[in-house]
There are 2 protein chains.
Amino acid sequence: MLPMKIEDEIKQSAFKSEYQKAYINLVYTSGYLQQNQAAMFKPFGITLPQYNILRILRGQHPKPATVSLLIERMLDKTSNASRIVDKLEAKELVTRKQCPSDRRTVDVLITDKGLELLRQMDDLEGGKGTGITNLTEEEAAQLNTLLDKIRD
Amino acid sequence: MLPMKIEDEIKQSAFKSEYQKAYINLVYTSGYLQQNQAAMFKPFGITLPQYNILRILRGQHPKPATVSLLIERMLDKTSNASRIVDKLEAKELVTRKQCPSDRRTVDVLITDKGLELLRQMDDLEGGKGTGITNLTEEEAAQLNTLLDKIRD
DNA sequence: GTACATTAAATGTATGTACATATATTTGCG
DNA sequence: CGCAAATATATGTACATACATTTAATGTAC
């Protein structure tokens, strides 16, 4: 993608305020990064949400995780973990079985195949090649401070 | 939402780098803002993409816009403008008719009802109440600079 | 211990995204 | 002119999101 200011990108000449501009810029940039990452994911046959679930499961491994725990740790908490696990199960990247002690809950466990896939994908982590590395380390830290403040 | 650093929000204790942290922070914050805005939109009966299309149409008014122009100006260029226009047409917020001079193209025009809805929604613009205003004007400008650099 | 509330997960429905394909129209080249 | 390439829009399919509802199991109050 060519270097462009947000004004040029969306062909809106004037923003009402620096705030509105920052807001739109943030949403736009996030979409840009997500598309970028989705493209890098394609060769591996899983989507970003599926990848996020797998990473949580790897963090738990060899312990299983319940669906509730997955929802709790997901970036987007309102999404539907059950159906994402469906897809992962179909690809044999996780197993799912009813937990004996509380039969309402389900133990989700990453398989060896799932762990191996994550190993192959580890190089993608950290936003390498996504544009975030256009920043200096100091600028990245500055960005983190600003974003944390927005969510305060 | 309570004030939290990104580490606490997603319960991941250690990031590999300031870059990875910034990447995840950006995606997470953008999702947070979008959910926030979606909630503000709900009383008006339209979604964020539908709102974005309407704003572009207001910018063109009283000239019509083709679907191609909508796609070109949309924040997410790969999404499906045709079907979003379907929804807006069903709500009588836009009209659609074949353009006589080039019958491949379609003239999409915002209706009076659509303009009136946007007027009611104008207060929502600028990210007011979305957390972006937790920043000072100077910080917002700083954020804009950083984001533009990411997309360079 | 039965009845009611709570919790965990799955399912239903509408919307949007991503990408491939289809259909109609216009353009352009021989 | 006639036909292939390009263009504009629409449609099909798979996946994800958002939110409401359902189903089953557990906990709790009486």
Side-chain angles (χ1 to χ4, degrees), chain A residues 27-28 30-54 64-91 93-94 96-108, chain B residues 27-28 30-54 64-91 93-94 96-108:
Chain A
V27 172
Y28 187 83
S30 166
Y32 163 83
L33 291 175
Q34 285 201 47
Q35 277 181 252
N36 210 314
Q37 189 156 55
M40 293 195 300
F41 275 21
K42 214 176 171 192
F44 297 102
I46 63 171
T47 63
L48 187 103
Q50 289 169 12
Y51 175 73
N52 286 331
I53 294 281
L54 281 183
T66 62
V67 172
S68 304
L69 184 133
L70 294 178
I71 292 171
E72 195 184 302
R73 303 251 174 117
M74 279 171 74
L75 291 190
D76 189 331
K77 306 200 193 302
T78 66
S79 79
N80 201 323
S82 281
R83 272 182 281 228
I84 297 175
V85 172
D86 286 347
K87 303 296 156 56
L88 292 172
E89 196 181 20
K91 291 171 199 157
L93 300 172
V94 308
R96 176 158 50 176
K97 71 161 188 285
Q98 200 174 48
C99 170
S101 67
D102 182 344
R103 282 183 305 170
R104 286 172 306 179
T105 71
V106 170
D107 281 346
V108 184
Chain B
V27 173
Y28 186 82
S30 167
Y32 163 83
L33 291 175
Q34 285 201 45
Q35 277 181 253
N36 210 313
Q37 188 157 56
M40 295 195 299
F41 275 21
K42 215 176 169 192
F44 297 101
I46 62 170
T47 63
L48 187 102
Q50 288 170 12
Y51 175 73
N52 286 331
I53 294 281
L54 281 183
T66 62
V67 173
S68 305
L69 184 134
L70 295 178
I71 292 171
E72 195 183 301
R73 303 251 174 118
M74 279 171 72
L75 291 191
D76 188 331
K77 305 201 193 301
T78 66
S79 78
N80 201 322
S82 280
R83 273 182 279 228
I84 298 175
V85 172
D86 285 348
K87 303 296 158 53
L88 291 172
E89 195 181 21
K91 291 170 199 158
L93 301 172
V94 307
R96 176 158 49 176
K97 71 160 187 285
Q98 199 175 48
C99 170
S101 66
D102 181 345
R103 282 184 305 172
R104 286 172 306 179
T105 72
V106 170
D107 281 346
V108 184

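Letters A, B, ... mirror the listed sequences (proteins, then strands); counts begin at 1. No hydrogens, no waters, no symmetry mates; every other heavy atom, side chains included, goes into these values.
The side-chain contact (heavy atoms from CB on, under 4.5 Å) check on B:Ser68 picks up B:Thr66, with sequence neighbours excluded. Applying the side-chain hydrogen bond (donor to acceptor under 3.5 Å, both in side chains) rule to A:Ser30 yields the partners B:Ser30; only residues at least two apart in sequence or on another chain are considered. Residues passing the salt bridge (Lys or Arg N to Asp or Glu O under 4.0 Å) test with A:Asp107, sequence neighbours excluded: none. For B:Lys91, the side-chain hydrogen bond (donor to acceptor under 3.5 Å, both in side chains) partners are B:Gln50, not counting sequence neighbours. With sequence neighbours excluded, the residues satisfying ring-ring contact (aromatic ring centres under 6.0 Å, His included) with A:Phe41 are A:Tyr51. Taking the side-chain hydrogen bond (donor to acceptor under 3.5 Å, both in side chains) definition, one finds that B:Arg96 meets it with B:Asp86, B:Glu89, sequence neighbours left out.
The interatomic distance linking A:Ile53 (CD1) with D:dC15 (P) rounds to 16 Å, in whole Å. Atom CZ in A:Phe44 sits roughly 19 Å away from atom P in D:dC15 (whole-Å rounding). D:dA18 atom C1' lies 14 Å from atom NZ of B:Lys87, rounded to whole Å. Distance OH (A:Tyr51) to P (D:dA16): 16 Å, rounded to an integer number of Å. Between the P atom of C:dG16 and the NZ atom of B:Lys42 lies a distance of 14 Å, rounded to the nearest Å. At whole-Å resolution of the value, CG in A:Leu70 and P in D:dT17 are 13 Å apart. Put simply, CZ on B:Phe41 is 22 Å from P on C:dA14, counting in whole angstrom units.
Both A:Ile84 and A:Pro100 sit near DNA chain D, but only A:Ile84 has its closest nucleotide nearer the 5' end. Residue A:Ala39 is the one, among B:Arg103 and A:Ala39, whose nearest nucleotide of DNA chain C lies closer to the 5' end (criterion: closest heavy atom).
Note on A:Gln98: every side-chain N or O is 4.0 Å or more away from OP1 and OP2 of D:dA25.
A donor-acceptor distance shorter than 3.5 angstrom exists from the side chain of A:Gln98 to the backbone of A:Arg103, with no hydrogens or angles considered.
If you check every strand for non-hydrogen atoms under 4.0 Å, A:Leu48 touches nothing.
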Checklist entry - Where do A:Val67 and A:Ile71 land on the side-chain contact (heavy atoms from CB on, under 4.5 Å) test, with the steps shown first? => result CA-CA 6 Å; A:Val67 172; A:Ile71 292 171; 4.0 Å; yes

Checklist entry - Along nucleotides 6-11 of chain D, 5' to 3', which nucleotides get a B, which get an S, and which get a -, given that the test is a protein heavy-atom distance under 4.0 Å? => result -BSSBB

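The line from CE of A:Met74 to CG of A:Asn52 is 7.0 Å long, rounded to the nearest 0.5 Å.
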Return the polar atom pairs (N/O with N/O) between nucleotides 3-5 of chain D and the protein under 3.5 Å, or none.
none

